[in-house]
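The first residue in the sequence is number 1, and the count goes up from there. We count ligands from 1, going down the list as the structure has it; atoms in each ligand are counted the same way.
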Amino acid sequence: MPENIIFPAHFLPIFASFNHLRKMRFFLSLLLSFICFGTYADDGYRLWLKYDPIKNPALKAGYSKKLNSVFIQKTNETIAVAVAELKYATRGMLGKEILETKAPTSSLKLEITKLADISLEAFEIKTIKTQIVISGNTSNGVLYGVFELIRKMQLGESLENINVASSPKIHLRMLNHWDNNNGTIERGYAGMSMWKWYELPERIDPRYIDYARANASIGINGTVLNNVNASARFITGEYLGKVKALADVYRPYGIKVYLSVNFASPKILGKLKTADPLDPEVQKWWKEKADEIYKLIPDFGGFLVKANSEGEPGPMDFGRTHKDGANMLAEAIAPHGGLVIWRAFVYNFDPKGDRFAAAYNEFKKFDGEFLPNVIIQVKNGPIDFQVREPISPLFGAMEKTPVSIEFQLTQEYLGWATHWVYEAPMFEEVLKTDTYAKGKGSTVAKVIDGEAFKYPITSMVGVANTGSDRNWTGHPMAQANWYTLGRLAWNPEMNSATIADEWAKITFRSDAKTTETIKKLMLESREIYVNYTNPLGVHHVMGESHHFGPEPWVEKAPRPDWTALYYHRADSVGIGFDRTEKGSNSLAQYHPELRAKYADIKTIEPEYLLWFHHAPWNMQLATGRSVWNEMVSRYYEGVKSVEKMNIEWATLKGKVDEETFENVSARLKTQLKEAYWWRDASVLYFQKFSKMPVPAPYPKPTRTFEELKALVDVYHVR
Ligand code: GCW
């Protein structure tokens, strides 16, 4: 691999530093950085793969001794990228690149062998006599082992007597990109799509390689390149050539490429009269399409399908079912070993129904009837990536059909790229929820990793938050959400504090106190966001269609279940959606023990209250406050917490690099402004129903409701 690809020219100067030709440039820019900022400038491009010099001399010397030379038992393109990464990391962190040697007595050895753990992606890192040995059943395992070793160095951990054995608990660890072929990203807040379709297949942007490195370093092994609201164009011959070029780039990094497909493609591209899944012509069309794809990309992952959802075409357009549609595609792709990932995000409007119940009603009845290469991909909650959602009842309901979990990394409902929300605590909350499907302990994690129902294929997905922004994710702290997805998909039982600790250490490489402050801010950030936007389980009260800022007053939309009123149901008596037996009874979709946790208005955790109950404004909560007072105090405390976030972040000036510091500081200011907006608009709107005062000690909002309502237009989100 030519060096300029692995070390793209646009990497920070420090990365080019040991390239002799650039030595001068490096020292000059380093000097400049010190003069200007007192520390390195960091534009965030390098994510968590920063291989800056290790400052502790003893640690550095220890690592240098252990990583002096590497013996590669047998190479291939994956081993080659693993070795390149090792060289890159040692050159950066230790100042001296690890030397490839033919002598088996090297300090490090990479080998493909038979491990006790049969997972194809398992690895071991062991000290055998004086040698560190990284072994895998496959080269992908070795690659993951190499990244684990590098992470240990980044974390400053000892490499003495190392003894690690690890394998992923989930097979498919995926990003779903909602990128369109015109370069836009649906719900993307970090610039445009990073895939330059107009340049492909001829030009490979170095960023594609860095994307692969970042994903491989956290174990992500699949990427869906395009939006689930899919243009049929992606499976034309023209685009497949481009997709192949990307698949070739990602393959060495253990990453398979998938595509979202438009169910009407046989009509759109094939000019058939129908896309009916039971029509033999349609079936033939898809078989031929699958053959064409696999001829180009033999390890193509498969199709992701959003069908009969939000206006997308699907089998129901022809009087067929989700099962018919999924199985037809599954049959077409099965001879090639491909998968059909069929989304359960469906909710046809039923005036008497509850959107909460829609996916379960549509899919539960087909459990066991899908072909073996079909996975049903389910969003973590029953509605749509809200700030807090109870789990989708489909987890724990599908015993014979593999169900995978879809999280959203891009912050559609979480303040876009201006609000700092570390999502791991939210994911952890979901994964640790007990479905009780197989008795106590059948957590969502155990459903997803296949343990509960012995699923033969397992998968965890994150809707990507990446874009063309230099720092990939817009908000510098949002990189942590991408990192989290990889780590959790590897081990869904990892906790959010551990992930935060790793990420903060390797991203900021600062002193212990700074890391602790960052970690604390990360871990608190999600609940703070909940408090000033959606306290007590109120949900779907954000801006209509753009989903930005507060708009609890939305009463009319093209569909009632796109309004806010449909969900919060505020009236003179109270607020919240009654999903108990007295209401929509969607609670019945949970197993009895979980249902019981939510069914009683007196004992339900306040965080979920308005998800399941229409709670009287003056009802007393365990907190000692009425529903109204509790709600208002959470809005106010949420804002206060953002004020504190600003203050605490400000203490890090000079402790983290200046560019990131300024970037986050500015975004926190915006966040505070918008937190006030959320608080005041929500309080004044709901007060119209509660008719109760803002409780002491909180001051009344100073702006009028009309002023606050108009802000949606001020922020130009329409
Ligand atoms: O939340 C909704 C989003 C849509 C998205 C849809 C989905 C890709 O607002 O933009 O479409 O979910 O997940 O399909």
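Closest to atom 9 (O) of ligand 1, if we only count protein heavy atoms, is E412 OE2, 2.5 Å. If you check which protein heavy atom lies closest to atom 4 (C) of ligand 1, you get E186 OE2, 3.3 Å.
Using a 4.0 Å cut-off between heavy atoms, Y413 contacts ligand 1 through its side chain alone, with no backbone atom that close. Within the 4.0 Å heavy-atom criterion, neither part of V463 lies near ligand 1.
Checking only distances, E406 never comes within under 3.5 Å of ligand 1, N or O to N or O. Ligand 1 has no nitrogen or oxygen under 3.5 angstrom from a nitrogen or oxygen of W178.
Looking at I383, D384, N227, T410, it is D384 that brings a heavy atom closest to atom 2 (C) of ligand 1.
Residue contact check for ligand 1: H547 places a non-hydrogen atom closer than 4.0 Å to it. No heavy atom of Q408 sits closer than 4.0 Å to any atom of ligand 1. Ligand 1 lies nowhere less than 4.0 angstrom from a heavy atom belonging to F385.
Taking every non-hydrogen atom of F345 and a distance limit under 4.0 Å, the qualifying atoms of ligand 1 come out as 6 (C), 7 (C), 12 (O), 13 (O), 14 (O).
Screening F385, W416, Y413 for a ring pair (Phe, Tyr, Trp, His ring centres under 6.0 Å) with H547, the sole residue that qualifies is Y413.
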